[in-house]
Amino acid sequence: MNGHTASSRELLGMNIHPTMARLTSEAINATCFDIYYAPIPVMSTSSCSNVFELGKYRVEFQTVDAAETSSGCCSTKSSSTVSLRPPKQLLIGLPCEAGEFPVLLLLHGFLLSNSFYSQLIQHIASHGFIVISPQLYTIAGSDTSDEIKSTAAITNWLSKGLQSLLPPHVHANLNKLALAGHSRGGKVSFALALGKEGITTSLKFSALIGIDPVDGMDKGKQTPPPVLTYVPHSFDLEGMAVMVIGTGLGEVKRNPLFPACAPKGVNHEDFFNECRKPACYFVAKDYGHLDMLDDETKGVRGKATYCLCKNGKSREPMRKFVGGVVVAFIKAYLGGDSNELMAIREAGYDAAPIELQSVEFLL
């Protein structure tokens with residue numbers, strides 16, 4: 001450790017630029033911040049607002065490079081004690097308090113940095129989850145096969161190497177494992193869960209989340225391997241619970257020079273149409289494809305997130321909504337506590353901190 005501690009503002013604005021081979025030791029050692037949040041009251045089925053706010057746990061961030069291991073300020077593990085390193089660079093958000101916590105694997109969108117999701121990761125982790133976001137690539141073509149293989153490799157690595165990176169008082173419960181992805185990462189998540197390319201994992205996912213998933217440019221122009229079949233309820237996920245979150249502005253072009261970021265025909269609506277029960281579906285009316293990212297996304301790619309897609313007025317409300325429904329969903333299907341999710345179902349359009357265009361449950 002070099003003694004430097006990043007402020008929360010510095011961390012959340014951190015950009016892992018694609019031209020960087022690895023983070024500097026200073027940046028890596030500065031990836032932990034502690035914020036105390038007062039414990040929230042137990043939620044009843046008639047109230048679901050608390051999941052849309054930060055939870056009761058302080059959050060630690062660790063950045064772990066695939067080539068050299070680093071640990072956050074709350075960890076006592078040195079690089080010499082870690083025998084296995086992850087296949088890809090990881091950004092891990094976890095509670096600082098002692099306990100055993102379910103795990104969520106979160107995949108980034110097309111050409112985005114995993115650091116752009118720091119505030120969303122913080123929200124989810126603060127409710128008692130370990131959130132792992134790999135940097136799957138810096139440059140990618142249309143074929144997603146390598147991303148599917150990399151996600152499978154990371155999943156298989158979890159049981160071998162994750163615990164050695166965590167503080168000794170924090171334990172990952174890999175029997176309670178969920179997979180989520182945004183945009184192209186949503187497609188990759190569905191592809192892995194469906195066993196596309198014959199790729200399987202040693203660990204079993206219990207829940208699957210698509211955050212504005214996209215399967216290509218248009219119907220008939222899907223990126224390989226295609227996920228959508230356009231056959232209703234055709235996804236055979238062996239009873240795995242699924243949630244699809246969509247955006248109303250995702251299918252709207254920002255300007256004539258660029259295509260929509262989540263084109264109609266390959267977006268959230270089509271993904272949900274192929275889901276079987278149990279599944280739930282939410283569409284945010286006045287928010288865009290990238291509105292769940294951090295308030296500040298720096299660097300060339302970070303700046304591009306403000307101008308390529310049709311966006312809402314502010315990212316914070318959409319990010320709170322996405323974080324909240326993700327927490328409610330994985331509490332229900334990983335933790336067996338469906339109070340928050342059922343409260344959202346009962347309250348419907350009035351439950352969220354944003355205006356919803358669609359709410360649908362298949363139970």
Side-chain angles (χ1 to χ4, degrees), residues 51-52 106-113 116-121 123-124 133 180-190 208-219 222-223 227-228 242-255 258-275 279-297 301-302 304-329 344 348-361:
V51 293
F52 299 116
L106 174 64
L107 308 184
H108 61 81
F110 184 53
L111 298 180
L112 298 178
S113 167
F116 294 172
Y117 300 83
S118 295
Q119 287 175 289
L120 179 61
I121 292 170
H123 186 128
I124 298 168
S133 183
H182 169 230
S183 188
R184 173 161 159 151
K187 170 202 172 82
V188 172
S189 297
F190 273 85
L208 175 64
I209 302 166
I211 303 172
D212 220 18
V214 181
D215 196 21
M217 298 297 295
D218 201 349
K219 187 174 182 180
Q222 295 161 260
T223 52
V227 170
L228 296 170
V242 184
M243 179 170 67
V244 178
I245 303 168
T247 60
L249 299 181
E251 61 189 46
V252 179
K253 292 183 178 181
R254 183 180 178 91
N255 62 62
F258 298 103
C261 288
K264 199 168 181 62
V266 286
N267 68 11
H268 55 88
E269 181 179 5
D270 305 282
F271 275 84
F272 182 68
N273 284 343
E274 298 197 31
C275 291
C280 55
Y281 179 45
F282 302 92
V283 180
K285 182 180 178 183
D286 296 317
Y287 290 87
H289 188 61
L290 301 175
D291 282 338
M292 69 294 298
L293 300 182
D294 289 357
D295 290 328
E296 295 182 46
T297 48
R301 297 192 188 197
T305 66
Y306 298 100
C307 58
L308 294 179
C309 301
K310 183 73 172 177
N311 301 319
K313 293 181 179 180
S314 171
R315 288 180 173 178
E316 182 182 19
M318 180 61 177
R319 190 174 57 248
K320 283 186 173 184
F321 170 69
V322 172
V325 292
V326 167
V327 167
F329 180 76
I344 293 172
Y349 293 88
D350 296 325
I354 60 174
E355 184 177 355
L356 296 175
Q357 183 173 306
S358 298
V359 177
E360 188 170 347
F361 279 73

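Sequence positions, counted from 1, serve as the residue numbers for this chain. Since this is a predicted model, take the numbers as computed values, not measurements.
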Got a second to check how far [X]'s [atom1] is from [Y]'s [atom2], nearest 0.5 Å?
X: D286; Y: L249; atom1: CG; atom2: CG; value: 6.0 Å
X: K320; Y: M292; atom1: NZ; atom2: CE; value: 16.0 Å
X: I344; Y: D350; atom1: CD1; atom2: CG; value: 12.5 Å
X: N273; Y: H268; atom1: CG; atom2: NE2; value: 10.5 Å
X: D294; Y: L120; atom1: CG; atom2: CG; value: 8.5 Å

For residues [X] and [Y], determine if any side-chain heavy atom of one lies less than 4.5 Å from a side-chain heavy atom of the other.
X: K310; Y: E251; result: no
X: C261; Y: V214; result: no
X: S133; Y: I121; result: yes
X: I211; Y: S183; result: no
X: P213; Y: K187; result: no
X: F110; Y: L112; result: no
X: M217; Y: P259; result: yes
X: F321; Y: F282; result: yes

Next on the checklist: Between V227 and F271, is the side-chain contact (heavy atoms from CB on, under 4.5 Å) condition met? List the steps.
Outcome noted: CA-CA 9 Å; V227 170; F271 275 84; 4.0 Å; yes
May I ask you to decide if [Y]'s main-chain N or O and [X]'s side chain share a donor-acceptor pair within less than 3.5 Å?
X: H123; Y: V51; answer: yes
X: D291; Y: Y287; answer: no
X: Y306; Y: T297; answer: yes
X: R254; Y: A260; answer: no
X: N255; Y: F258; answer: yes

Next on the checklist: So if I apply the ring pair (Phe, Tyr, Trp, His ring centres under 6.0 Å) rule between Y281 and each of F329, F272, F361, which one comes out positive?
Outcome noted: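 Exactly one candidate clears the test, F272.
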Item to check | Shortest non-hydrogen contact from K219 toward G265 | outcome: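 Distance-wise, the nearest heavy atoms are CB-O, 4.2 Å.
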Next on the checklist: To check you understand the geometry: which heavy-atom pair defines the closest contact between V266 and G216, and what is its length?
Outcome noted: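 Looking at all heavy atoms of both residues, the closest pair is CG2-O, 3.3 Å.
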Checklist entry - What do the steps show when you test V326 against M243 for side-chain contact (heavy atoms from CB on, under 4.5 Å), and what is the final call? => result CA-CA 8 Å; V326 167; M243 179 170 67; 4.0 Å; yes
Next on the checklist: side-chain contact (heavy atoms from CB on, under 4.5 Å) for Q222 and L228? Distances and angles first, verdict last.
Outcome noted: CA-CA 8 Å; Q222 295 161 260; L228 296 170; 3.6 Å; yes
Checklist entry - Which is it for T247 and D212 under the side chain to side chain donor-acceptor pair (under 3.5 Å) test, yes or no, and what are the steps along the way? => result CA-CA 6 Å; T247 60; D212 220 18; 2.6 Å; yes
N/O donor to acceptor pairs below 3.5 angstrom from side-chain atoms of residues 351-360, sequence neighbours left out:
| residue | atom | partner | partner atom | Å |
| --- | --- | --- | --- | --- |
| E355 | OE2 | K285 | NZ | 3.4 |

Checklist entry - Between Y117 and H182, does any side-chain donor sit less than 3.5 Å from a side-chain acceptor? => result yes
Item to check | F190 and its side chain to side chain contact (heavy atoms under 4.5 Å, CB included) partner, picked from I209, V242, D215 | outcome: V242
Next on the checklist: Taking side chain to side chain contact (heavy atoms under 4.5 Å, CB included) as the definition, give me every residue that meets it alongside D295, ordered by chain and number, with sequence neighbours left out.
Outcome noted: Q119, R315, E316, R319
